[in-house]
Protein chains: 2
Amino acid sequence: MSDEIRRSMPLFPISIVKSLTDLSARQIRYYEEHNLVHPARSEGNRRLFSFNDVDRLLEIKALIEKGINLAGIKQVLSMQKVPDNEPMDQEQVEEIHNDLSEKELRRLLQQELHTAGRYGKSSLRQGELSRFFH
Amino acid sequence: MSDEIRRSMPLFPISIVKSLTDLSARQIRYYEEHNLVHPARSEGNRRLFSFNDVDRLLEIKALIEKGINLAGIKQVLSMQKVPDNEPMDQEQVEEIHNDLSEKELRRLLQQELHTAGRYGKSSLRQGELSRFFH
DNA sequence: TTTCTTATGTTAGTTTTCTTAACATCTCTT
DNA sequence: AAGAGATGTTAAGAAAACTAACATAAGAAA
(Lines give C-alpha, C1' and ligand atoms only; values in the text may rest on other atoms or scores of the structure.)
Protein backbone atom coordinates (compact mmCIF):
# COMPACT_ATOMS: atom_id res chain seq x y z
CA MET A 1 0.00 0.00 0.00
CA SER A 2 1.46 3.34 -0.96
CA ASP A 3 2.26 5.92 1.63
CA GLU A 4 -0.10 8.36 0.02
CA ILE A 5 -2.97 5.92 0.28
CA ARG A 6 -2.14 5.23 3.90
CA ARG A 7 -2.08 8.90 4.70
CA SER A 8 -5.37 9.55 3.01
CA MET A 9 -7.35 6.74 4.62
CA PRO A 10 -10.45 8.06 6.37
CA LEU A 11 -9.94 7.11 10.00
CA PHE A 12 -10.83 9.75 12.55
CA PRO A 13 -14.15 11.13 13.72
CA ILE A 14 -14.35 14.82 14.40
CA SER A 15 -14.07 14.36 18.16
CA ILE A 16 -10.58 12.92 17.80
CA VAL A 17 -9.56 15.57 15.31
CA LYS A 18 -10.66 18.21 17.77
CA SER A 19 -8.36 16.83 20.41
CA LEU A 20 -5.52 16.30 17.94
CA THR A 21 -5.65 19.84 16.59
CA ASP A 22 -7.18 21.86 19.40
CA LEU A 23 -9.62 23.33 16.96
CA SER A 24 -13.34 23.53 17.71
CA ALA A 25 -15.83 21.47 15.74
CA ARG A 26 -17.23 24.75 14.47
CA GLN A 27 -13.86 25.79 13.13
CA ILE A 28 -13.22 22.46 11.46
CA ARG A 29 -16.60 22.52 9.77
CA TYR A 30 -16.18 26.13 8.75
CA TYR A 31 -12.84 25.37 7.11
CA GLU A 32 -14.44 22.52 5.24
CA GLU A 33 -17.32 24.76 4.18
CA HIS A 34 -14.72 27.07 2.70
CA ASN A 35 -12.90 24.24 0.92
CA LEU A 36 -9.75 24.18 2.98
CA VAL A 37 -10.19 20.52 3.88
CA HIS A 38 -12.24 17.75 2.38
CA PRO A 39 -12.78 14.98 4.87
CA ALA A 40 -14.49 11.82 3.64
CA ARG A 41 -17.89 10.82 4.91
CA SER A 42 -19.22 7.64 6.44
CA GLU A 43 -22.26 5.98 4.96
CA GLY A 44 -24.29 7.87 7.50
CA ASN A 45 -22.72 11.21 6.61
CA ARG A 46 -20.29 11.56 9.51
CA ARG A 47 -17.00 13.23 8.66
CA LEU A 48 -13.99 10.92 8.59
CA PHE A 49 -10.56 12.54 8.57
CA SER A 50 -7.31 11.11 7.27
CA PHE A 51 -3.79 11.83 8.47
CA ASN A 52 -3.47 14.21 5.57
CA ASP A 53 -6.60 16.01 6.65
CA VAL A 54 -5.30 16.39 10.18
CA ASP A 55 -1.94 17.61 8.91
CA ARG A 56 -3.73 20.14 6.80
CA LEU A 57 -5.77 21.35 9.74
CA LEU A 58 -2.60 21.77 11.75
CA GLU A 59 -1.13 23.87 8.96
CA ILE A 60 -4.30 25.92 8.80
CA LYS A 61 -4.16 26.44 12.52
CA ALA A 62 -0.57 27.61 12.37
CA LEU A 63 -1.44 30.11 9.67
CA ILE A 64 -4.51 31.31 11.53
CA GLU A 65 -2.32 31.93 14.53
CA LYS A 66 -0.09 34.09 12.40
CA GLY A 67 -3.06 36.27 11.62
CA ILE A 68 -3.62 35.14 8.04
CA ASN A 69 -7.27 35.03 7.01
CA LEU A 70 -8.97 32.14 5.27
CA ALA A 71 -8.52 33.55 1.79
CA GLY A 72 -4.82 33.89 2.42
CA ILE A 73 -4.58 30.41 3.84
CA LYS A 74 -6.37 29.00 0.85
CA GLN A 75 -3.81 30.71 -1.31
CA VAL A 76 -0.86 29.42 0.62
CA LEU A 77 -2.15 25.87 0.75
CA SER A 78 -2.96 25.81 -2.93
CA MET A 79 0.58 26.84 -3.74
CA GLN A 80 2.52 24.35 -1.69
CA LYS A 81 0.79 21.39 -3.27
CA VAL A 82 2.08 21.98 -6.81
CA PRO A 83 5.12 19.81 -7.59
CA ASP A 84 7.86 21.77 -9.32
CA ASN A 85 7.55 20.32 -12.79
CA GLU A 86 3.96 19.24 -13.01
CA PRO A 87 1.83 21.96 -14.44
CA MET A 88 -1.12 23.22 -12.46
CA ASP A 89 -4.39 22.20 -13.93
CA GLN A 90 -6.68 24.93 -15.13
CA GLU A 91 -9.10 24.62 -12.24
CA GLN A 92 -6.36 25.19 -9.74
CA VAL A 93 -5.17 28.27 -11.53
CA GLU A 94 -8.64 29.70 -11.69
CA GLU A 95 -9.23 29.01 -8.04
CA ILE A 96 -6.16 30.95 -7.07
CA HIS A 97 -7.09 33.89 -9.20
CA ASN A 98 -10.72 33.95 -8.25
CA ASP A 99 -10.32 33.70 -4.55
CA LEU A 100 -8.26 36.80 -4.11
CA SER A 101 -7.18 39.61 -6.36
CA GLU A 102 -3.47 40.25 -6.81
CA LYS A 103 -3.81 43.47 -4.95
CA GLU A 104 -5.60 41.94 -2.01
CA LEU A 105 -3.01 39.22 -1.82
CA ARG A 106 -0.12 41.67 -1.87
CA ARG A 107 -1.68 43.62 0.94
CA LEU A 108 -2.31 40.48 2.95
CA LEU A 109 1.17 39.17 2.61
CA GLN A 110 2.58 42.56 3.40
CA GLN A 111 0.60 42.70 6.59
CA GLU A 112 1.72 39.20 7.44
CA LEU A 113 5.34 40.19 6.88
CA HIS A 114 4.86 43.13 9.10
CA THR A 115 3.00 41.60 12.01
CA ALA A 116 4.35 38.07 12.18
CA GLY A 117 7.93 38.59 11.17
CA ARG A 118 9.84 36.75 8.50
CA TYR A 119 7.56 34.62 6.35
CA GLY A 120 9.81 31.64 6.06
CA LYS A 121 9.66 27.99 5.30
CA SER A 122 8.71 27.10 8.81
CA SER A 123 5.16 28.29 8.30
CA LEU A 124 4.81 26.12 5.24
CA ARG A 125 6.12 22.97 6.76
CA GLN A 126 4.03 19.94 5.86
CA GLY A 127 3.38 16.75 7.70
CA GLU A 128 3.08 18.17 11.18
CA LEU A 129 1.21 15.14 12.37
CA SER A 130 4.01 12.89 11.27
CA ARG A 131 5.91 14.06 14.31
CA PHE A 132 3.33 12.25 16.35
CA PHE A 133 2.75 9.09 14.37
CA HIS A 134 4.94 6.82 12.34
CA MET B 1 6.52 12.10 22.44
CA SER B 2 7.63 8.52 22.75
CA ASP B 3 6.70 5.95 20.21
CA GLU B 4 4.92 3.92 22.82
CA ILE B 5 2.72 6.84 23.76
CA ARG B 6 1.95 7.51 20.14
CA ARG B 7 0.99 3.93 19.57
CA SER B 8 -1.25 3.83 22.59
CA MET B 9 -3.19 7.00 21.92
CA PRO B 10 -6.94 6.35 21.80
CA LEU B 11 -7.94 7.33 18.27
CA PHE B 12 -10.35 5.00 16.53
CA PRO B 13 -14.02 4.30 17.05
CA ILE B 14 -15.17 0.73 16.71
CA SER B 15 -16.54 1.29 13.21
CA ILE B 16 -13.07 2.07 11.89
CA VAL B 17 -11.52 -0.82 13.78
CA LYS B 18 -14.07 -3.12 12.20
CA SER B 19 -13.01 -2.09 8.74
CA LEU B 20 -9.32 -2.19 9.65
CA THR B 21 -9.48 -5.69 11.07
CA ASP B 22 -12.45 -7.28 9.36
CA LEU B 23 -13.75 -8.37 12.72
CA SER B 24 -17.36 -7.86 13.72
CA ALA B 25 -18.28 -5.47 16.50
CA ARG B 26 -19.53 -8.47 18.40
CA GLN B 27 -16.16 -10.16 18.13
CA ILE B 28 -14.24 -7.08 19.20
CA ARG B 29 -16.46 -6.57 22.23
CA TYR B 30 -16.28 -10.25 23.09
CA TYR B 31 -12.48 -10.19 23.03
CA GLU B 32 -12.54 -7.18 25.27
CA GLU B 33 -14.98 -8.88 27.59
CA HIS B 34 -12.47 -11.70 27.86
CA ASN B 35 -9.56 -9.33 28.51
CA LEU B 36 -7.72 -9.78 25.25
CA VAL B 37 -7.83 -6.04 24.46
CA HIS B 38 -8.45 -3.01 26.60
CA PRO B 39 -9.55 -0.08 24.49
CA ALA B 40 -9.92 3.27 26.22
CA ARG B 41 -13.30 4.93 26.58
CA SER B 42 -14.58 8.35 25.66
CA GLU B 43 -16.29 10.48 28.28
CA GLY B 44 -19.53 9.08 26.98
CA ASN B 45 -18.35 5.48 27.28
CA ARG B 46 -17.62 4.81 23.62
CA ARG B 47 -14.63 2.58 22.93
CA LEU B 48 -11.54 4.29 21.53
CA PHE B 49 -8.83 2.07 20.10
CA SER B 50 -5.15 2.82 19.72
CA PHE B 51 -2.74 1.52 17.11
CA ASN B 52 -1.58 -1.00 19.67
CA ASP B 53 -5.14 -2.15 20.19
CA VAL B 54 -5.66 -2.61 16.48
CA ASP B 55 -2.37 -4.49 16.16
CA ARG B 56 -3.44 -6.73 18.95
CA LEU B 57 -6.77 -7.44 17.32
CA LEU B 58 -4.98 -8.34 14.11
CA GLU B 59 -2.81 -10.78 16.04
CA ILE B 60 -5.87 -12.24 17.69
CA LYS B 61 -7.52 -12.60 14.35
CA ALA B 62 -4.53 -14.42 12.92
CA LEU B 63 -4.52 -16.84 15.83
CA ILE B 64 -8.27 -17.36 15.59
CA GLU B 65 -7.81 -18.26 11.95
CA LYS B 66 -5.29 -20.87 12.95
CA GLY B 67 -7.94 -22.50 15.07
CA ILE B 68 -6.63 -21.44 18.46
CA ASN B 69 -9.34 -20.72 21.00
CA LEU B 70 -9.52 -17.67 23.20
CA ALA B 71 -7.86 -19.29 26.16
CA GLY B 72 -4.93 -20.27 23.98
CA ILE B 73 -4.73 -16.83 22.46
CA LYS B 74 -4.71 -15.22 25.85
CA GLN B 75 -1.83 -17.45 26.74
CA VAL B 76 0.13 -16.65 23.64
CA LEU B 77 -0.40 -12.94 23.94
CA SER B 78 0.53 -12.86 27.58
CA MET B 79 3.80 -14.56 26.76
CA GLN B 80 5.05 -12.37 23.96
CA LYS B 81 4.74 -9.18 25.95
CA VAL B 82 7.30 -10.10 28.58
CA PRO B 83 10.72 -8.60 27.77
CA ASP B 84 13.49 -11.14 28.23
CA ASN B 85 15.01 -9.74 31.38
CA GLU B 86 12.16 -7.98 33.09
CA PRO B 87 10.44 -10.29 35.49
CA MET B 88 6.74 -10.92 35.08
CA ASP B 89 4.69 -9.33 37.80
CA GLN B 90 2.71 -11.61 40.04
CA GLU B 91 -0.61 -10.80 38.49
CA GLN B 92 0.58 -11.80 35.09
CA VAL B 93 1.88 -15.09 36.38
CA GLU B 94 -1.37 -15.84 38.12
CA GLU B 95 -3.38 -15.00 35.08
CA ILE B 96 -1.46 -17.41 32.98
CA HIS B 97 -1.85 -20.19 35.48
CA ASN B 98 -5.48 -19.58 36.24
CA ASP B 99 -6.74 -19.34 32.72
CA LEU B 100 -5.64 -22.74 31.57
CA SER B 101 -4.19 -25.77 33.21
CA GLU B 102 -0.83 -27.01 32.00
CA LYS B 103 -2.46 -30.08 30.62
CA GLU B 104 -5.11 -28.20 28.72
CA LEU B 105 -2.48 -25.94 27.29
CA ARG B 106 -0.32 -28.81 26.16
CA ARG B 107 -3.26 -30.36 24.41
CA LEU B 108 -4.19 -27.09 22.74
CA LEU B 109 -0.74 -26.42 21.45
CA GLN B 110 -0.42 -29.95 20.27
CA GLN B 111 -3.61 -29.65 18.31
CA GLU B 112 -2.39 -26.37 16.90
CA LEU B 113 0.87 -27.98 15.83
CA HIS B 114 -1.05 -30.70 14.17
CA THR B 115 -3.72 -28.74 12.33
CA ALA B 116 -2.01 -25.49 11.47
CA GLY B 117 1.51 -26.59 10.78
CA ARG B 118 4.67 -25.24 12.26
CA TYR B 119 4.08 -22.85 15.14
CA GLY B 120 6.73 -20.35 14.22
CA LYS B 121 7.62 -16.77 14.77
CA SER B 122 5.38 -15.62 11.99
CA SER B 123 2.29 -16.21 14.04
CA LEU B 124 3.67 -14.14 16.86
CA ARG B 125 4.74 -11.20 14.79
CA GLN B 126 3.84 -7.92 16.40
CA GLY B 127 3.00 -4.59 14.89
CA GLU B 128 0.95 -5.82 11.97
CA LEU B 129 -0.71 -2.46 11.56
CA SER B 130 2.63 -0.76 11.22
CA ARG B 131 2.78 -2.14 7.71
CA PHE B 132 -0.08 0.19 6.92
CA PHE B 133 0.82 3.32 8.82
CA HIS B 134 4.04 5.05 9.59
C1' DT C 1 -26.93 -39.32 21.37
C1' DT C 2 -27.66 -35.73 24.45
C1' DT C 3 -25.81 -32.04 26.79
C1' DC C 4 -22.51 -28.28 27.69
C1' DT C 5 -19.38 -24.72 26.21
C1' DT C 6 -17.52 -21.48 23.13
C1' DA C 7 -17.80 -18.08 19.79
C1' DT C 8 -20.62 -15.39 17.23
C1' DG C 9 -25.05 -13.45 15.26
C1' DT C 10 -29.18 -10.69 15.96
C1' DT C 11 -32.29 -7.67 18.08
C1' DA C 12 -34.18 -4.13 21.23
C1' DG C 13 -33.97 -0.16 23.90
C1' DT C 14 -30.90 3.68 25.37
C1' DT C 15 -27.32 6.99 25.27
C1' DT C 16 -23.78 9.52 22.94
C1' DT C 17 -22.00 11.78 19.12
C1' DC C 18 -22.48 14.09 14.95
C1' DT C 19 -25.16 16.69 11.54
C1' DT C 20 -27.22 21.00 9.58
C1' DA C 21 -29.23 25.36 10.22
C1' DA C 22 -30.10 29.39 12.57
C1' DC C 23 -28.97 33.07 15.27
C1' DA C 24 -25.58 35.65 18.36
C1' DT C 25 -21.31 38.04 19.00
C1' DC C 26 -16.87 40.09 18.35
C1' DT C 27 -13.40 42.22 15.57
C1' DC C 28 -11.87 44.44 11.48
C1' DT C 29 -12.41 47.14 7.45
C1' DT C 30 -14.74 50.40 4.88
C1' DA D 1 -22.27 53.18 11.39
C1' DA D 2 -22.51 49.39 8.56
C1' DG D 3 -20.74 45.21 6.50
C1' DA D 4 -17.84 41.08 6.38
C1' DG D 5 -15.35 37.36 8.48
C1' DA D 6 -14.70 34.00 12.01
C1' DT D 7 -16.37 31.70 15.75
C1' DG D 8 -19.65 30.46 19.64
C1' DT D 9 -24.10 28.53 20.99
C1' DT D 10 -28.29 26.18 20.56
C1' DA D 11 -31.94 23.15 18.82
C1' DA D 12 -33.79 19.23 16.49
C1' DG D 13 -32.96 15.18 14.17
C1' DA D 14 -30.11 11.15 12.49
C1' DA D 15 -26.39 7.92 12.96
C1' DA D 16 -23.47 5.15 15.66
C1' DA D 17 -22.29 2.83 19.72
C1' DC D 18 -23.59 0.83 24.20
C1' DT D 19 -25.42 -3.10 27.10
C1' DA D 20 -28.16 -6.98 27.70
C1' DA D 21 -30.73 -10.71 26.23
C1' DC D 22 -31.71 -14.40 23.48
C1' DA D 23 -30.48 -17.54 19.34
C1' DT D 24 -27.51 -20.80 17.20
C1' DA D 25 -23.71 -23.52 15.13
C1' DA D 26 -19.81 -26.40 16.00
C1' DG D 27 -17.12 -29.12 19.03
C1' DA D 28 -16.18 -31.42 23.35
C1' DA D 29 -17.66 -34.14 26.98
C1' DA D 30 -20.54 -37.20 29.12
Side-chain angles (χ1 to χ4, degrees), chain A residues 10-19 21-49 53 57 60-61 63-75 99-101 103-105 107-108 110-112 114-115, chain B residues 10-49 53 57 60-75 99-101 103-105 107-108 110-112 114-115:
Chain A
L11 293 173
F12 310 113
I14 199 168
S15 54
I16 295 296
V17 176
K18 279 174 55 180
S19 70
T21 61
D22 265 301
L23 292 167
S24 69
R26 182 67 166 93
Q27 286 178 296
I28 296 170
R29 295 195 190 107
Y30 187 73
Y31 302 154
E32 181 189 20
E33 194 178 355
H34 289 269
N35 295 305
L36 297 179
V37 274
H38 304 91
R41 296 287 180 132
S42 73
E43 272 188 30
N45 200 38
R46 269 83 220 286
R47 289 175 181 80
L48 288 177
F49 297 79
D53 292 327
L57 286 169
I60 292 168
K61 192 192 179 192
L63 294 170
I64 286 279
E65 279 164 0
K66 300 181 79 178
I68 304 181
N69 68 11
L70 288 212
I73 292 174
K74 202 167 186 174
Q75 194 79 197
D99 288 346
L100 215 55
S101 79
K103 194 170 131 207
E104 285 170 324
L105 179 62
R107 183 179 48 67
L108 255 172
Q110 208 154 30
Q111 177 195 302
E112 150 66 11
H114 185 274
T115 62
Chain B
L11 294 173
F12 310 114
I14 199 168
S15 54
I16 295 295
V17 176
K18 279 173 55 180
S19 69
L20 251 27
T21 61
D22 265 301
L23 293 167
S24 69
R26 182 68 165 95
Q27 286 178 296
I28 296 169
R29 295 194 190 106
Y30 187 73
Y31 302 155
E32 180 189 20
E33 195 178 353
H34 289 269
N35 295 305
L36 297 179
V37 273
H38 304 92
R41 296 288 180 132
S42 74
E43 275 190 26
N45 199 37
R46 268 81 239 274
R47 288 173 183 80
L48 290 176
F49 298 79
D53 292 328
L57 285 169
I60 292 168
K61 192 191 178 194
L63 295 170
I64 286 280
E65 280 164 359
K66 299 181 80 177
I68 303 181
N69 69 10
L70 289 210
I73 292 173
K74 201 167 188 175
Q75 193 80 197
D99 289 345
L100 215 55
S101 78
K103 193 170 132 209
E104 285 170 324
L105 179 61
R107 184 178 46 69
L108 255 171
Q110 208 154 30
Q111 177 196 304
E112 151 66 12
H114 185 273
T115 63

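The sequence lines fix the lettering, A, B, ..., with proteins before strands; numbering per chain opens at 1.
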Round to a whole Å and report the spacing from CG of L23(B) to P of dT8(C). 8 Å
With the side chain of Q27(A) defined as its heavy atoms from C-beta on, choose the nearest nucleotide among dA17(D), dG8(D), dC22(D). dG8(D)
Partner nucleotide of dA30(D) by Watson-Crick or wobble geometry (both distances under 3.5 Å): dT1(C)
Check whether the side chain of R46(B) and the base of dT15(C) form a donor-acceptor pair under 3.5 Å. yes
Give a yes/no answer on whether the side chain of R47(A) brings an N or O atom under 4.0 Å of OP1 or OP2 in dC18(C). no
Assess whether salt bridge (Lys or Arg N to Asp or Glu O under 4.0 Å) is satisfied between E65(B) and K61(B), documenting all intermediate values. CA-CA 6 Å; E65(B) 280 164 359; K61(B) 192 191 178 194; 3.8 Å; yes
Comparing F49(A) with R26(B), nearest DNA chain C nucleotide closer to 5' gives the residue R26(B)
Ion pair check, R26(A) and E32(A), cut-off under 4.0 Å: no
Crowding at CD, E43(B) (>12 non-hydrogen neighbours, <6.0 Å): no
For R29(A), report the nucleic acid contact type (base, sugar-phosphate, nothing); a contact means any heavy atom under 4.0 Å. base
Distance check needed: dC22(D) P versus Y30(B) OH, whole Å only. 17 Å
Where the side chain of R41(B) is concerned, which of dC18(D), dT7(D), dC18(C) is the nearest nucleotide? dC18(D)
Worked check of side chain to side chain contact (heavy atoms under 4.5 Å, CB included) between L11(B) and F49(B): CA-CA 6 Å; L11(B) 294 173; F49(B) 298 79; over 6 Å; no
Would you kindly compare P13(A) and L70(B) by the position of their nearest DNA chain C nucleotide and give the one closer to the 5′ end? L70(B)
